[in-house]
Asker: 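Dropping a structure here in C-alpha cells format, bear with me for questions.
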Amino acid sequence: MSTRGYPGTGQAGALQATKKLRAQTHPMRYTEAVNDARPMHNLALIGFMGVGKSSVGRLAAARLHFELLDTDGLIETLAGKSIARVFAEDGEAAFRAREREVVRQLERRRDLVVAAGGGLAADPDNLVSLKTHAFVVCLWASPEALWERVRHQTHRPLLQAPDPQTRIRLLLAEREPFYRQADLLVNTEMRPVKDIAQLVVQHFRLAQRERA
Ligand code: S3P
C-alpha cells in the first residue's frame, strides 16, 4: 500500500504538513484512492462492529461542527423498528437492501460525519458511493480487542452466535480487503477515543484543503 502524500497539490507547505502529521500518527496509512481528485464534503467512518465508529464519530462531528449520522439509526427510522428486529423479522438481505438505500441518500448530503454499520463497506457499490462524496476512514482493531469491546453487548444480531469470537475472526477476515480500501486506516488500539477523533479530523481537513 502506498504511503505517498496527495500528489498534484503543488503545495509544498501542505505536503510538509501531511508528512509531519504522518510521522506523528504511526501506525496508520493512506491508500492510493485518496489521490483522485474527488469531492470530500463528508467524513465517513467504516470498520468492524465495536471498533468505536459512533464514539469517534460523535467527537469528530463536534470538532467539525458537522451532523453525525448513523446508518443503523437511519435504517431503524426507515423501518420503524430496531436493527435486531429488522434482522429477525425481515432477514439480513432486507437489512442490506435498506443499507444500500441509505448509502445512496448520503450522496446528496454535505457536512456529515457518517458512522457506517460494520458490514456496509463490504458491499463494493457502497464503498464506491461513499467515495464520491466522503473521505473514508477505516477504524481498525484486532479480533481480540474487538471481542473485549463487544463481549458484554447483546444488540448485534450477527454476534448472537454460539461462538462469537470465531464469528468475529471470520467476518473480519472476509471484510478486511474491503476495509483496506478506505482512504485512511487507523489502528484504534492503545489510543484514547479523543486522540483518534482528533487524528481523523486533522487528516480529513488536510485532504479537504488539498482539494480546495
Ligand atoms: C453489522 C454491524 C452493525 C449493524 C448490523 C450489522 C455488521 O453496526 O449494522 O448489526 O454486519 O457488521 P455496528 O458496526 O455499528 O455495530
Side-chain angles (χ1 to χ4, degrees), residues 42-61 66-106 112-130 134 136-189 191 193 196-197 200:
N42 303 310
L43 169 64
L45 301 175
I46 64 169
F48 205 78
M49 295 173 263
V51 78
K53 291 160 294 181
S54 302
S55 320
V56 171
R58 203 169 304 117
L59 294 182
F66 278 14
E67 182 186 342
L68 173 66
L69 201 149
D70 185 292
T71 58
D72 283 347
L74 273 184
I75 292 169
E76 290 185 330
T77 305
L78 271 176
K81 53 189 170 190
S82 68
I83 298 298
R85 279 186 56 204
V86 174
F87 267 76
E89 294 168 14
D90 311 331
E92 183 172 352
F95 170 78
R96 298 297 170 200
R98 296 260 190 204
E99 206 168 42
R100 281 193 295 274
E101 260 176 60
V102 160
V103 168
R104 296 306 168 276
Q105 288 172 9
L106 299 178
L112 288 181
V113 173
V114 179
L120 183 148
D123 178 333
D125 290 344
N126 287 343
L127 209 47
V128 166
S129 169
L130 285 182
V136 181
V137 176
C138 177
L139 302 182
W140 180 262
S142 66
E144 295 74 24
L146 290 167
W147 170 240
E148 284 310 315
R149 294 179 197 179
V150 301
R151 60 186 300 172
H152 300 300
Q153 301 173 347
T154 53
H155 64 283
R156 295 187 176 91
L158 292 180
L159 299 183
Q160 301 310 300
D163 182 356
Q165 280 180 277
T166 302
R167 170 64 63 86
I168 289 174
R169 262 196 303 277
L170 291 176
L171 268 180
L172 188 61
E174 247 174 51
R175 292 173 180 180
E176 183 174 342
F178 299 100
Y179 290 155
R180 286 190 177 280
Q181 290 172 45
D183 296 315
L184 181 69
L185 192 65
V186 180
N187 188 346
T188 63
E189 287 184 46
R191 277 192 174 127
V193 172
I196 299 167
V200 166

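It should be emphasised that the depicted structure is a prediction, and the values quoted were computed from it without experimental measurement. First listed ligand is number 1; within each ligand, the first listed atom is number 1.
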Asker: What are the two closest non-hydrogen atoms of Ala182 and Val137, and how far apart are they?
Answerer: CB-C, 4.1 Å
Asker: For ligand 1, is any non-hydrogen atom under 4.0 Å from Gln153's backbone (N, CA, C, O), its side chain (CB onward), both, or neither?
Answerer: neither
Asker: Applying salt bridge (charged side-chain N to carboxylate O under 4.0 Å, His left out), name anything that partners Arg167, two or more places apart in sequence or on another chain.
Answerer: none
Asker: Suppose the criterion is salt bridge (charged side-chain N to carboxylate O under 4.0 Å, His left out): which pairs have a residue in residues 78-97, not counting sequence neighbours?
Answerer: Lys81-Glu89, Lys81-Asp90, Arg85-Glu89, Glu92-Arg96, Arg96-Glu99
Asker: Could you see which bit of Val51 sits under 4.0 Å from ligand 1, with heavy atoms only: side chain, backbone, both or neither?
Answerer: neither
Asker: With heavy atoms of Pro157 as the reference, note each atom of ligand 1 found under 4.0 Å away.
Answerer: 10 (O)
Asker: Report yes or no: does Arg96 have a heavy atom closer than 4.0 Å to ligand 1?
Answerer: yes
Asker: Under 4.0 Å from ligand 1, counting heavy atoms only, is it the side chain of Arg175, its backbone, both or neither?
Answerer: side chain
Asker: Could you tell me which non-hydrogen atom of Leu127 sits nearest to which non-hydrogen atom of Phe178, and how far apart they are?
Answerer: CD2-O, 3.6 Å
Asker: Under a 3.5 Å cutoff, is there a donor and acceptor pairing between the side chains of Gln160 and Thr154?
Answerer: no
Asker: Just to confirm my output: which protein heavy-atom neighbour is closest to atom 16 (O) of ligand 1, and how far is it?
Answerer: Arg156 NE, 2.6 Å
Asker: Looking only at non-hydrogen atoms, find the nearest pair between Gly50 and Arg156 and report the distance.
Answerer: N-NH2, 3.6 Å
Asker: Identify, by atom number and element, the atoms of ligand 1 in contact range of Asp72, meaning under 4.0 Å from any of its heavy atoms.
Answerer: 3 (C), 4 (C), 8 (O), 9 (O), 13 (P), 15 (O)
Asker: Quiz question: by atom type and distance under 3.5 Å, do the side chains of Arg149 and Thr188 form a donor-acceptor pair?
Answerer: yes
Asker: Can you list the ligand 1 atoms lying under 4.0 Å from a non-hydrogen atom of Leu158?
Answerer: 7 (C), 11 (O)
Asker: Once rounded to the nearest 0.5 Å, what's the spacing between atom CG of Leu139 and atom CD of Glu189?
Answerer: 12.0 Å
Asker: Checking the N or O distance criterion of under 3.5 Å, is ligand 1 in contact with Gly119?
Answerer: yes
Asker: Find all atoms of ligand 1 within a distance of less than 4.0 Å from any non-hydrogen atom belonging to Lys53, and give their numbers and elements.
Answerer: 13 (P), 14 (O), 15 (O)
Asker: For Phe87, is at least one N or O under 3.5 Å away from an N or O on ligand 1?
Answerer: no
